Amino acid sequence: QVQLVESGGGLVQAGGSLRLSCAASGLTFSRYTMGWFRQAPGKEREFVAGIRWSDTTTYYADSVKGRFTISRDNAKNTVYLQMNALKPEDTAVYYCAADRSNVLVVAGKFYDYWGQGTQVTVSS
């Protein structure tokens with residue numbers, strides 16, 4: 001079955017960096033658009049970044065543009081989220097998701113598979 005397993009979360013001070021990884025199995029990873037989402041306590045899940053499978057086009061939420069970078073390694077079936085200049089408001093559970101379409105969408109309902117999430121906490 002399809003599995004997405006996130007790792008790399010943790011506690012970091014404001015201004016610091018973290019690199020999240022999401023290892024995929026049970027699907028043809030190179031043919032899936034991948035996205036990162038996050039959900040803070042008491043808030044709705046929100047799109048963070050996405051990368052299309054066909055041409056690796058990327059898209060970012062305005063709140064993370066210039067600070068976060070999404071990338072993928074199809075040979076390792078892994079998508080990454082490099083997070084720099086972290087802010088306390090970046091604190092959330094971060095999820096990766098896979099979408100079999102070639103359309104970069106920000107709505108989570110269009111993604112087919114989800115990971116279990118990894119906690120990122122940024123202290124001030």
Side-chain angles (χ1 to χ4, degrees):
Q1 78 268 23
V2 175
Q3 279 194 313
L4 301 177
V5 180
E6 300 97 336
S7 60
L11 173 64
V12 63
Q13 287 188 333
S17 298
L18 282 175
R19 188 195 196 203
L20 305 184
S21 300
C22 172
S25 61
L27 75 171
T28 305
F29 178 78
S30 60
R31 291 300 186 99
Y32 276 76
T33 291
M34 300 300 295
W36 284 98
F37 291 76
R38 67 187 182 186
Q39 187 167 20
K43 295 188 176 181
E44 292 189 353
R45 181 181 61 195
E46 64 175 354
F47 173 84
V48 175
I51 184 166
R52 202 161 61 180
W53 67 262
S54 61
D55 59 3
T56 66
T57 296
T58 58
Y59 184 75
Y60 298 91
D62 287 343
S63 58
V64 305
K65 204 171 293 183
R67 300 188 298 123
F68 290 11
T69 302
I70 187 171
S71 62
R72 64 191 298 158
D73 185 339
N74 289 342
K76 295 183 178 181
N77 286 0
T78 300
V79 62
Y80 304 96
L81 185 68
Q82 178 66 45
M83 305 186 295
N84 298 328
L86 282 160
K87 305 174 181 180
E89 51 263 44
D90 293 318
T91 295
V93 177
Y94 283 71
Y95 301 89
C96 72
D99 172 14
R100 63 170 61 92
S101 79
N102 194 32
V103 179
L104 246 179
V105 293
V106 302
K109 66 180 182 179
F110 293 109
Y111 285 76
D112 302 293
Y113 304 105
W114 292 82
Q116 84 290 346
T118 185
Q119 176 71 47
V120 171
T121 303
V122 184
S123 63
S124 57

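Note that this is a predicted model, so its numbers are computed, not measured.
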Discussion item. Looking at S30, is its backbone amide N or carbonyl O close enough to the side chain of T28 to form a donor-acceptor pair, meaning the two atoms are under 3.5 Å apart?
Written reply: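 No, because the side chain of T28 does not come within donor-acceptor range (under 3.5 Å) of the backbone of S30.
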Using side-chain heavy atoms (C-beta onward) and a distance below 4.5 Å, is [X] in contact with [Y]?
| X | Y | answer |
| --- | --- | --- |
| Q119 | T91 | yes |
| I70 | F68 | no |
| Y60 | V48 | no |
| V93 | T118 | no |
| L11 | V120 | no |

Fill in: Check against side-chain contact (heavy atoms from CB on, under 4.5 Å), R45 and W114
CA-CA 13 Å; R45 181 181 61 195; W114 292 82; 3.5 Å; yes
Got a second to check how far [X]'s [atom1] is from [Y]'s [atom2], nearest 0.5 Å?
| X | Y | atom1 | atom2 | answer |
| --- | --- | --- | --- | --- |
| Q13 | T121 | CD | OG1 | 13.0 Å |
| M34 | T58 | CE | OG1 | 14.5 Å |
| C22 | E6 | SG | CD | 5.0 Å |
| E89 | S124 | CD | OG | 10.0 Å |
| R72 | W53 | CZ | CH2 | 9.5 Å |
| R19 | T69 | CZ | OG1 | 10.5 Å |

Fill in: Linked, directly or transitively: F47 and L20 (ILVMFWY side chains, under 4.5 Å)
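Each belongs to a different hydrophobic cluster.
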Worksheet item: Cluster question for you: counting only ILVMFWY and a side-chain heavy-atom cut-off of under 4.5 Å, with indirect links fine, are V12 and V64 together?
Response: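 Yes, same cluster.
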Worksheet entry | F29 and its side chain to side chain contact (heavy atoms under 4.5 Å, CB included) partner, picked from V79, D73, V2, L4 |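 Looking at V79, D73, V2, L4, the match for F29 under the side chain to side chain contact (heavy atoms under 4.5 Å, CB included) is V79.
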Practice prompt. Check L104, I51, V105 against T33 for a side chain to side chain contact (heavy atoms under 4.5 Å, CB included) and give me the one that passes.
Written response: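 Of L104, I51, V105, side chain to side chain contact (heavy atoms under 4.5 Å, CB included) with T33 is met by L104 alone.
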Discussion item. Assess the residue pair Y111 and Y32 against the criterion (side-chain contact (heavy atoms from CB on, under 4.5 Å)); give the C-alpha distance rounded to whole Å, side-chain angles, the decisive distance to 0.1 Å, and a yes or no.
Written reply: CA-CA 10 Å; Y111 285 76; Y32 276 76; over 6 Å; no
Item to complete: Tell me, yes or no, whether the heavy-atom count around K43 atom NZ, taken from other residues, nucleotides or ligands under 6.0 Å, exceeds 12.
Response: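 Atom NZ in K43 is not crowded, with 12 or fewer foreign heavy atoms closer than 6.0 Å.
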Worksheet item: Given the rule in the ring-ring contact (aromatic ring centres under 6.0 Å, His included) test, do Y95 and F37 qualify, once you have shown the distances and angles that lead to the verdict?
Response: CA-CA 5 Å; Y95 301 89; F37 291 76; 8.6 Å; no
Practice prompt. Classify the side-chain pair N84/S17 by whether it contains a donor and acceptor separated by less than 3.5 Å.
Written response: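 S17 and N84 do have a side-chain donor-acceptor pair below 3.5 Å.
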Practice prompt. Considering non-hydrogen atoms only, spot the tightest contact between L27 and A98 and give its length.
Written response: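 Looking at all heavy atoms of both residues, the shortest contact is CD1-CB, 4.0 Å.
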Fill in: Criterion salt bridge (charged side-chain N to carboxylate O under 4.0 Å, His left out) on K87 and D90, from CA distance to verdict
CA-CA 5 Å; K87 305 174 181 180; D90 293 318; over 6 Å; no
Practice prompt. Report the C-alpha separation of E46 and R38 in whole Å, then their side-chain angles, then the decisive distance to 0.1 Å, and conclude whether the side-chain contact (heavy atoms from CB on, under 4.5 Å) test is met.
Written response: CA-CA 5 Å; E46 64 175 354; R38 67 187 182 186; 2.6 Å; yes
Fill in: Verdict with supporting geometry, T78 and Y80, side-chain contact (heavy atoms from CB on, under 4.5 Å)
CA-CA 7 Å; T78 300; Y80 304 96; 3.5 Å; yes
